[in-house]
Trainee: 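Here it is, the structure in full.
These values consider heavy atoms only, across backbone and side chains, with no hydrogens, waters or symmetry-generated copies.
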There are 2 protein chains.
Amino acid sequence: MTRARIVETATRLIDTEGVAALTMRRLGAALDVEAMSLYRYVNGREDLLEAVVDALVDSIEIPAASDLQPVDGWQAFLQVLAHNVRQVAIEHPAAFPLIATRHPAAPWLRPPLRSLRMVEAFLTGLEARGFSQRQAVGAYRSFTSFLLGHLLLEAAMQGAPLAPAEEPLDEGDAHVPNRDAELDVREFPTVARLRRPLAEDHTDEEFETALEHLLVRLDLENAQ
Amino acid sequence: MTRARIVETATRLIDTEGVAALTMRRLGAALDVEAMSLYRYVNGREDLLEAVVDALVDSIEIPAASDLQPVDGWQAFLQVLAHNVRQVAIEHPAAFPLIATRHPAAPWLRPPLRSLRMVEAFLTGLEARGFSQRQAVGAYRSFTSFLLGHLLLEAAMQGAPLAPAEEPLDEGDAHVPNRDAELDVREFPTVARLRRPLAEDHTDEEFETALEHLLVRLDLENAQ
DNA sequence: ACCTGAACACCGTTCAAGT
DNA sequence: ACCTGAACACCGTTCAAGT
């Protein structure tokens, strides 16, 4: 029994059954131990969640110089890093929101790159590829905002089936928000008309093109 | 006692004491009523949270034609809308993450514009200002991603003081993540060096320039 | 019609006690 | 050194009973 093992199975429990299902007692059971034993390794539930987040962030692979072609510059660095973060988000759709939601220790540790190790690697990575100090810091800000927006949306859409369909109240049936199939064409004609294009899933291209645009933007700012 | 009043005080409770403090029993007490009474108006805690989110989303002001100058086009529409969403996020820093985290009813209801009314207004607003169907849908996607990333980061940074400082474990003191003041210069030299620029708060300009860039990008895509 | 008391199952957490 | 039983305070939720 180690803290690492606890964090591991906690992460798995979250990913398979949702954050709400992560209970000290259930986690204990999953580890064949009583809940109270966990308090030897973990400072309560909050500390456990924090540890899960830290482990997830630490599992993001940072592209080393050897991973990239010698000709590649910062663009390749950010490209690869972005996809590595995305991979973690996709692998842990239920746990990823925790990364976004829990307040980081310092105000400049921005999710999802919210660890000192991560920030250090990011900044040195960009400075090594020609960014000035201000440019590197600015890129850290834009890059994190970009990742958070896209990946949280992606994760939220994945987790949908986990939420048990809720029954509407008996009373007030009149104003239950319309679900999927039954859409009030009178009240929302435009949504009804654009139903098809709205329903299409373009997550991959969206991420790709938004990333591309961010890189262009950074390039322009650096040239100025 | 109405559902609206319940949702209202629930929102206030969340904003002042955090989501974890929103308990059926405490909410009841805040309304001078036993917790069980709430079940007449609300289908359990989950339904209540959903209602809080819906109310927040509905409170976002959508710029009407009369709010804008006649010469203003879609750019002004998106500018004003973006700032209105941001205002709600800033007024409810603790509640805003709920908007981002809870799965919307339909996969194309993207936070933070996650209501039919909102999507309808957004799409008609853009179509009325010259967007094609595809362009309007594309803009809905980029715009929501942009808002989510920026506003969630902003909200997360605001809420920081709410989180009670956690004591590190007695054992394993060696690898407690360094907090603010005591930063290991050896291990994280670049972060230490860029300490100053990193600590600066540029939330406003960031939002402004990122929004500006998004508008430019949409303009380019529309021209193609 | 609206509120409540009592009850149940399930939490997080502490601590003295076991091995 | 590590795990546990018992206990406490606090949850969400149901339902029969009150007014």
Side-chain angles (χ1 to χ4, degrees), chain A residues 1-11 13-14 16-53 94-95 98 101-102 162-175, chain B residues 1-11 13-14 16-53 94-95 98 101-102 162-175:
Chain A
M1 179 74 51
T2 66
R3 186 173 159 109
R5 197 159 90 88
I6 292 176
V7 172
E8 231 168 80
T9 69
T11 308
L13 232 159
I14 291 175
T16 55
E17 313 197 38
V19 195
L22 178 65
T23 260
M24 297 304 277
R25 291 170 137 105
R26 306 233 282 174
L27 178 56
L31 288 160
D32 270 319
V33 116
E34 300 299 317
M36 318 76 159
S37 316
L38 303 174
Y39 287 81
R40 289 244 146 227
Y41 306 91
V42 145
N43 236 337
R45 190 175 187 261
E46 288 304 292
D47 181 54
L48 172 63
L49 289 177
E50 210 69 44
V52 167
V53 169
L98 290 178
T101 292
R102 305 190 65 81
L162 270 184
E166 287 158 31
E167 299 300 322
L169 284 177
D170 295 345
E171 57 155 346
D173 243 340
H175 267 289
Chain B
M1 178 77 48
T2 65
R3 187 172 159 109
R5 197 159 90 89
I6 292 176
V7 171
E8 230 168 81
T9 69
T11 308
L13 232 161
I14 292 175
T16 55
E17 311 197 37
V19 195
L22 178 65
T23 259
M24 297 303 278
R25 290 169 135 107
R26 305 232 282 174
L27 178 56
L31 288 161
D32 270 318
V33 118
E34 299 301 315
M36 319 77 160
S37 316
L38 304 173
Y39 288 81
R40 290 242 147 228
Y41 307 90
V42 144
N43 236 337
R45 189 174 188 262
E46 287 304 293
D47 181 52
L48 173 62
L49 289 177
E50 209 70 45
V52 167
V53 169
L98 290 178
T101 293
R102 305 192 66 81
L162 269 183
E166 288 157 30
E167 298 301 320
L169 284 176
D170 295 343
E171 55 155 349
D173 243 341
H175 267 290

Trainee: Of the non-hydrogen atoms in A21(B) and L13(B), which two are nearest, and what is the gap between them?
Mentor: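 That closest heavy-atom pairing would be O-CD2, 3.9 Å.
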Trainee: Grab the two heavy atoms, one from I14(B) and one from A94(B), that are nearest each other, plus how far apart they are.
Mentor: O-CB, 3.4 Å
Trainee: For R5(B), give me all partners under salt bridge (charged side-chain N to carboxylate O under 4.0 Å, His left out), at least two apart in sequence or on another chain.
Mentor: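 Salt bridge (charged side-chain N to carboxylate O under 4.0 Å, His left out) list for R5(B), sorted by chain: empty.
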Trainee: Using a cut-off of 4.0 Å on non-hydrogen atoms, how would the nucleic acid contact of M36(B) be classed: base, sugar-phosphate, or nothing?
Mentor: base
Trainee: Remember a base hit wins even if backbone is also touched, and classify T23(B) as base, sugar-phosphate or nothing at under 4.0 Å, heavy atoms.
Mentor: sugar-phosphate
Trainee: As a check on the pairing definition, encode DNA chain C in dot-bracket form, counting Watson-Crick and G-U wobble pairs whose two distances are under 3.5 Å, and using | for partners outside this strand.
Mentor: ||.|||||...|||||.||
Trainee: Could you grab the distance from atom CD of E17(B) to atom OG1 of T23(B), nearest 0.5 Å is fine?
Mentor: 10.0 Å
Trainee: Suppose we screen for side chain to side chain contact (heavy atoms under 4.5 Å, CB included). Which residues come up paired with E8(B), at least two apart in sequence or across chains?
Mentor: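 Side chain to side chain contact (heavy atoms under 4.5 Å, CB included) check on E8(B) returns nothing, list empty.
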Trainee: Listed by chain and number, what are the salt bridge (charged side-chain N to carboxylate O under 4.0 Å, His left out) partners of R25(A), not counting sequence neighbours?
Mentor: none
Trainee: Can you confirm whether L27(A) sits close enough to L48(A) that some side-chain heavy atom of one is under 4.5 Å from a side-chain heavy atom of the other?
Mentor: yes
Trainee: With rounding to the nearest 0.5 Å, note down the distance linking OG1 in T11(B) to CG in L49(B).
Mentor: 9.5 Å
Trainee: Which is the 5'-most and which the 3'-most nucleotide of DNA chain D that has an atom under 4.0 Å from a heavy atom of chain A?
Mentor: dC2(D) to dA7(D)
